[in-house]
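Please read the structure below before turning to the comments.
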Amino acid sequence: MPELPEVETIKNDLQKKVAGLILQDVLITKKAKQIRKPSFRRFKEELISRKIKKAERLGKFIVLHLSSRKFLVIHLRMTGRLLVRKRNTKPDDYLKVAFVLTKNKELRFTDARGFGTIELLNKKELTKLQEKVGPDPLDKSFTAGDLEKRLQRRKRAIKLTLLDQSIVSGVGNIYANEALFAAKVNPRRKASSLSGKNVKLLHESLKKILKKAIKFRGTTAKDEYFVDTEGKKGRFKSYLKVYQRQGEKCPNCKGKIKRINLGGRGTFFCPSCQK
DNA sequence: GATACTTCCTGAGAGC
DNA sequence: TGCTCTCAGGAAGTAT
């Protein structure tokens with residue numbers, strides 16, 4: 001499932017491949033529930049003849065800036081994919097929306113489980129979304145002190161707190177598990193119980209892991225859902241220390257990696273080194 | 001305001 | 001082989 005490094009990979013691809021191109025048509029298959037607003041007809045009308053000026057990332061959202069001063073905001077959730085294909089090539093499975101572009105290209109949105117969302121927002125609506133989304137962990141201005149403030153008074157488990165997009169944006173299940181392992185923090189601990197030293201290490205680990213994952217173009221986990229805009233897998237999976245490695249030896253000690261359920265999410269950690 | 005629970009959705013895999 | 005059941009999970013909406 002796409003988190004910050006995967007979304008960043010796709011955003012960078014889109015910036016290279018589709019920025020500067022003009023939307024010639026929008027093909028909407030089935031009842032594409034992914035399109036939240038506006039209506040199908042208006043959605044299509046508002047997109048045709050517009051230029052994609054640039055691609056940006058906001059947490060786990062991909063924001064395409066259009067020449068109409070509107071923004072195509074896409075969230076892939078769990079199984080959404082954005083693929084850049086040549087026109088009239090073999091159709092992709094689970095295709096929901098195809099954006100037909102100049103230079104004989106198509107930007108295809110596919111989604112097996114259908115949780116993804118596509119919205120066309122104006123500036124005011126985008127600002128509202130930006131205000132709702134927490135700071136980006138890779139933003140230079142995001143310090144350990146900021147994280148500490150955000151974790152203060154939070155009674156929820158640190159793992160669940162990290163997944164809250166209003167606290168830190170872009171972190172999902174894979175990287176929350178990995179960062180907590182690197183920081184030697186038990187995912188069940190209350191967020192507010194972390195010491196300054198814990199938070200500093202967590203902050204550092206988070207940045208380091210996310211950067212490395214971007215370098216390897218993200219993680220394609222066991223479910224194999226994540227691929228880049230060419231359909232290629234991410235290569236960070238082999239660097240994962242705990243995620244989906246229950247029963248395996250901890251790379252730091254002789255303990256075994258355990259899987260528990262926290263807030264309905266699979267949580268992976270080493271009970272002997274994460275305290 | 002913070003937290004917990006429910007819902008959305010469908011493919012994959014287990015069990016029979 | 002084919003059916004049913006369970007699980008996976010991000011985030012919005014609702015309840016506490």
Side-chain angles (χ1 to χ4, degrees), chain A residues 1-8 10-11 29-37 57-63 73-82 92-97 109-119 121 125-126 128-137 149-180 187-194 210 213 218-227 233-234 237 240 242-247 258-269:
Chain A
M1 54 277 348
E3 303 179 25
L4 189 153
E6 292 76 31
V7 178
E8 180 72 13
I10 290 173
K11 182 267 286 178
T29 58
K30 292 185 188 172
K31 287 180 182 175
K33 290 174 187 169
Q34 286 71 23
I35 299 173
R36 290 282 181 88
K37 62 181 175 182
R57 181 180 60 76
L58 171 65
K60 296 182 201 170
F61 292 92
I62 286 167
V63 182
V73 180
I74 301 166
H75 198 302
L76 302 170
R77 296 282 182 104
M78 283 145 51
T79 54
R81 288 175 170 175
L82 279 171
D92 288 288
D93 290 341
Y94 315 112
L95 178 72
K96 304 293 179 193
V97 184
F109 178 84
T110 72
D111 196 351
R113 289 188 196 160
F115 280 9
T117 59
I118 302 178
E119 288 178 292
L121 304 183
E125 290 165 325
L126 180 69
K128 212 173 153 187
L129 180 66
Q130 285 165 331
E131 284 165 359
K132 211 170 65 178
V133 169
D136 194 289
K149 268 184 209 157
R150 287 175 173 267
L151 299 182
Q152 274 170 10
R153 297 189 301 279
R154 301 279 171 178
K155 289 174 192 164
R156 264 190 306 180
I158 179 63
K159 159 83 188 304
L160 298 179
T161 310
L162 285 179
L163 295 181
D164 186 332
Q165 299 300 297
S166 66
I167 293 172
V168 201
S169 67
V171 180
N173 205 23
I174 299 173
Y175 301 103
N177 279 298
E178 292 296 313
L180 287 168
R188 288 184 282 209
R189 269 178 67 180
K190 273 186 191 176
S192 58
S193 78
L194 269 66
L210 292 172
T219 301
T220 300
K222 275 184 188 165
D223 58 28
E224 307 229 316
Y225 277 118
F226 170 71
V227 290
K233 291 177 187 176
K237 189 183 162 190
L240 298 175
V242 288
Y243 183 74
Q244 291 182 333
R245 290 194 185 277
Q246 66 273 30
K258 207 176 159 187
R259 183 191 193 281
I260 57 164
N261 195 301
L262 257 187
R265 309 270 161 82
T267 300
F268 306 85
F269 71 112

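The figures that follow rest on heavy atoms only: side chains count, while hydrogens, waters and symmetry mates do not. So that the names make sense, note that chain A is the first sequence line, chain B the second, and so on, each numbered from 1.
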From [options], nucleotide with atom closest to [X] side chain:
X        : options              : answer
A:Tyr243 : B:dG11, B:dT3, C:dG9 : C:dG9
A:Arg265 : B:dA4, C:dA8, C:dG10 : C:dG10
A:Met78  : C:dA11, C:dG9, B:dA2 : C:dG9
A:Lys60  : B:dT3, C:dA11, C:dG9 : C:dA11

Could you state the atom-to-atom distance from [atom1] of [X] to [atom2] of [N] in whole Å?
X        : N      : atom1 : atom2 : value
A:Glu6   : C:dG9  : CD    : P     : 14 Å
A:Gln246 : C:dC7  : CD    : C1'   : 13 Å
A:Gln244 : C:dG9  : CD    : C1'   : 11 Å
A:Ile74  : C:dA11 : CD1   : P     : 15 Å
A:Leu95  : B:dT10 : CG    : P     : 15 Å
A:Asn177 : C:dA8  : CG    : P     : 13 Å
A:Arg259 : C:dA8  : CZ    : P     : 5 Å
A:Leu76  : C:dG10 : CG    : P     : 13 Å

Is any NZ, NE, NH1 or NH2 atom of the basic residue among [X] and [Y] found under 4.0 Å from an Asp or Glu carboxylate oxygen of the other?
X        : Y        : answer
A:Glu8   : A:Lys11  : yes
A:Asp136 : A:Arg57  : yes
A:Asp164 : A:Arg156 : yes

TODO: Please identify each residue that fulfils side-chain contact (heavy atoms from CB on, under 4.5 Å) with A:Arg259, with sequence neighbours left out.
DONE: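 Here the qualifying residues are A:Gln246, A:Phe268.
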- [ ] Establish, with yes or no, whether the OP1 or OP2 oxygen of B:dT3 is under 4.0 angstrom from a side-chain nitrogen or oxygen of A:Arg154.
- [x]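 True: A:Arg154 side-chain N/O within range (under 4.0 Å) of B:dT3 OP1/OP2.
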Open item on the list: Check this one for me: any side-chain N or O of A:His75 less than 4.0 Å away from OP1 or OP2 of C:dA11?
Closed with: yes
- [ ] Identify whether any heavy atom of A:Gly266 sits under 4.0 Å from a base atom; if not, whether one sits that close to sugar-phosphate; answer base, sugar-phosphate or nothing.
- [x]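 Counting heavy atoms under 4.0 Å across all strands, the contact made by A:Gly266 is with sugar-phosphate only.
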- [ ] Determine the contact category for A:Arg150: base if any of its heavy atoms lies under 4.0 Å from a base atom, sugar-phosphate if only primed atoms, P, OP1 or OP2 are that close, otherwise nothing.
- [x]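 Answer is nothing: A:Arg150 stays at 4.0 Å or more from every strand.
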Task: Under 5.5 Å and under 30°: A:Phe115 stacked on C:dG10 - done: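 Aromatic stack with C:dG10 present for A:Phe115.
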Beyond-backbone contact of [X] with [Y], side-chain heavy atoms, under 4.5 angstrom:
X        : Y        : result
A:Val73  : A:Glu125 : no
A:Ile10  : A:Glu6   : no
A:Ile62  : A:Val7   : yes
A:Thr220 : A:Lys237 : no

TODO: Could you check A:Tyr225 against A:Lys155 and say which one's nearest nucleotide on DNA chain B is further toward the 5' end?
DONE: A:Lys155
Task: Residue mapping more 5' on DNA chain B - nearest nucleotide basis, A:Arg156 or A:Tyr94 - done: A:Arg156
Task: Distance (rounded to the nearest 0.5 Å) between A:Leu121 CG and A:Leu129 CG - done: 6.5 Å
Task: Nearest heavy atoms of A:Val227 and A:Arg81, plus distance in Å - done: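 Reported closest heavy-atom pair: CG2-NE, 3.4 Å.
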Task: Divergence of helical axes at both termini of the helix from B:dA2-C:dT16 to B:dC16-C:dG2 - five pairs an end, 10° steps - done: 40°
- [ ] Output the residues of residues 165-174 of chain A in contact with DNA chain C, where contact means a heavy atom of the residue under 4.0 Å from an atom of the strand; sort by number or write none.
- [x]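 Here the set is A:Gln165, A:Asn173.
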